[in-house]
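Everything on this sheet refers to the single structure shown next.
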There are 2 protein chains.
Amino acid sequence: MFSKACEYGIKATLFIAHRSEKNQRVSLKSITEAINSPEAFTAKILQKLARNKIVHSSKGPGGGFRIEKDEIDQITLSDIVIAIDGDQIYTSCGLGMEECSEEAPCPAHEKFKPIKESLRITLESTNLKELMEDINKGLTFLK
Amino acid sequence: MFSKACEYGIKATLFIAHRSEKNQRVSLKSITEAINSPEAFTAKILQKLARNKIVHSSKGPGGGFRIEKDEIDQITLSDIVIAIDGDQIYTSCGLGMEECSEEAPCPAHEKFKPIKESLRITLESTNLKELMEDINKGLTFLK
DNA sequence: CCAATAAAGGACAAAATTGTCCGAATAATA
DNA sequence: TATTATTCGGACAATTTTGTCCTTTATTGG
């Protein structure tokens with residue numbers, strides 16, 4: 001469904017949010033340990049998220065990543081996916097046709113439409129806070 | 001959503017079904033022209049579909065691909081996707097976690113579940129025949 | 001049997017994605 | 001100011017996916 005980059009990005013963001021709520025910055029290393037991801041690759045993804053202002057980074061000793069506390073319930077899965085993979089997940093044709101549109105649809109267009117729509121709604125309506133709560137309760141896991 | 005291989009596979013199968021209904025075999029070349037796909041790559045995909053008995057192939061002059069007429073309404077999008085990409089689209093974790101399960105789910109597990117389920121239902125309940133009908137009516141397009 | 005036609009399939013090539021390495025930039029602190 | 005910790009970012013490498021080429025195999029018809 002998503003690229004590896006996106007998967008790591010979502011998990012990393014969740015972990016950062018989790019710690020940010022306790023006013024802690026997190027280092028790249030602690031992120032990759034928490035989510036079990038390759039370090040340098042994860043660094044690239046975090047750079048992208050930082051450029052998109054989803055996470056905030058600071059260099060130097062004691063530095064690392066964090067998310068503004070009051071943004072944790074504002075950031076959605078959709079924000080992360082779009083920052084990393086772009087919006088093709090919403091816009092691209094299910095059968096890969098360049099010119100697929102309502103006027104000249106691919107054979108599966110109407111079949112895929114409700115699925116893509118419910119995916120969009122789910123991603124846009126799911127924020128970091130609610131996902132974090134289940135992590136805090138030990139109901140869900142990052143690795 | 002799907003791999004390129006899968007996208008070509010679905011379109012190729014639809015085109016073959018379309019012609020098979022008129023009792024015509026179709027050559028690789030005519031398929032790639034109809035669906036606008038790379039010839040040799042499409043050949044590999046058709047080989048896979050043939051090994052999975054979704055299409056039937058014959059060599060030599062007048063040869064080509066066809067689908068049994070009475071199977072056109074039995075073959076589903078799910079059959080094609082599974083033949084080409086396997087069943088990971090149903091089974092794999094949305095966040096790429098190896099050990100994601102009901103007992104130890106990833107943070108997005110419950111969010112993705114209904115989407116994956118509706119995708120499964122859609123793919124399993126959509127057969128070639130109904131998709132072909134819209135192609136025949138000029139309502140949908142293969143390229 | 002021979003020639004022509006078409007798919008099968010192995011080997012290779014290109015492109016995209018994923019992943020690594022390492023020096024530069026930046027910030028804290030002693 | 002020197003040292004250390006940390007992200008940034010460029011260059012590269014490995015892997016996977018996509019795509020190509022060419023020989024072999026099978027089938028048909030003359």
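Just so it is clear: chains get the letters A, B, ... in the order the sequence lines come, proteins before strands, and each one is counted from 1.
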Value in whole Å for how far the [atom2] atom of [N] lies from [atom1] of [X]:
| X | N | atom1 | atom2 | value |
| --- | --- | --- | --- | --- |
| A:Q24 | D:dT6 | CD | P | 14 Å |
| B:N52 | C:dA8 | CG | P | 13 Å |
| A:E7 | C:dG19 | CD | C1' | 15 Å |
| A:K11 | C:dT18 | NZ | P | 13 Å |
| B:K4 | C:dA16 | NZ | P | 11 Å |
| B:I45 | D:dT20 | CD1 | P | 11 Å |
| A:F41 | D:dT16 | CZ | C1' | 13 Å |
| A:Q88 | C:dA16 | CD | C1' | 12 Å |

### Query
Below 4.0 angstrom, N of the basic side chain to O of the carboxylate: do B:E102 and B:K113 qualify?
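Looking at B:E102 and B:K113, the cut-off is met.
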### Message
Salt bridge or not between B:K53 and B:E71? Use side-chain N to carboxylate O under 4.0 Å.
### Response
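So B:K53 does not pair with B:E71 through a salt bridge.
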### Query
What residues form a side-chain hydrogen bond (donor to acceptor under 3.5 Å, both in side chains) with A:T32, not counting sequence neighbours?
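Result, side-chain hydrogen bond (donor to acceptor under 3.5 Å, both in side chains) vs A:T32: none returned.
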### Query
Just checking, is any N or O donor in the side chain of B:R25 or B:S58 under 3.5 Å from an acceptor N or O on the other one?
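Per modelled atom types, B:R25 and B:S58 side chains form a pair under 3.5 Å.
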### Task
Taking atom types as modelled, find out whether B:S3 and B:D85 have a side-chain donor-acceptor pair closer than 3.5 angstrom.
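On atom types as modelled, these side chains qualify, holding a pair under 3.5 Å.
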### Task
On DNA chain C, check which nucleotide each of A:P61 and A:E39 is closest to and give me the residue with the more 5' one.
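Comparing both residues, the 5'-ward one is A:E39.
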### Task
Compare the minimum distances between each of D:dT28, D:dT20, C:dG19 and the side chain of A:Y8, then state the nucleotide with the smallest one.
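The closest nucleotide is C:dG19.
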### Task
Would you please classify the geometry between the B:F2 ring and the A:F112 ring as parallel, tilted or perpendicular, with 30° and 60° separating the classes?
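Correct class here is tilted.
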If you restrict it to nitrogen or oxygen atoms, what contacts under 3.5 Å exist between nucleotides 7-9 of chain D and the protein, and what is each distance?
from	atom 1	to	atom 2	distance (Å)
D:dT7	OP1	A:L28	N	2.6
D:dT7	O3'	A:S57	OG	3.4
D:dC8	OP1	A:S57	OG	2.6
D:dG9	OP2	A:R51	NH1	3.1
D:dG9	N7	A:Q47	NE2	3.2

### Upstream residue (5' side of DNA chain D) when B:D85 and B:G62 are each assigned their closest nucleotide
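The residue whose closest nucleotide sits nearer the 5' end is B:D85.
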### Message
Do B:I45 and B:I89 sit in one hydrophobic cluster, given that two such residues count as connected whenever their side-chain heavy atoms are within less than 4.5 Å of each other, even indirectly?
### Response
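Yes, because B:I45 and B:I89 connect within a single hydrophobic cluster, where side-chain heavy atoms sit under 4.5 Å apart.
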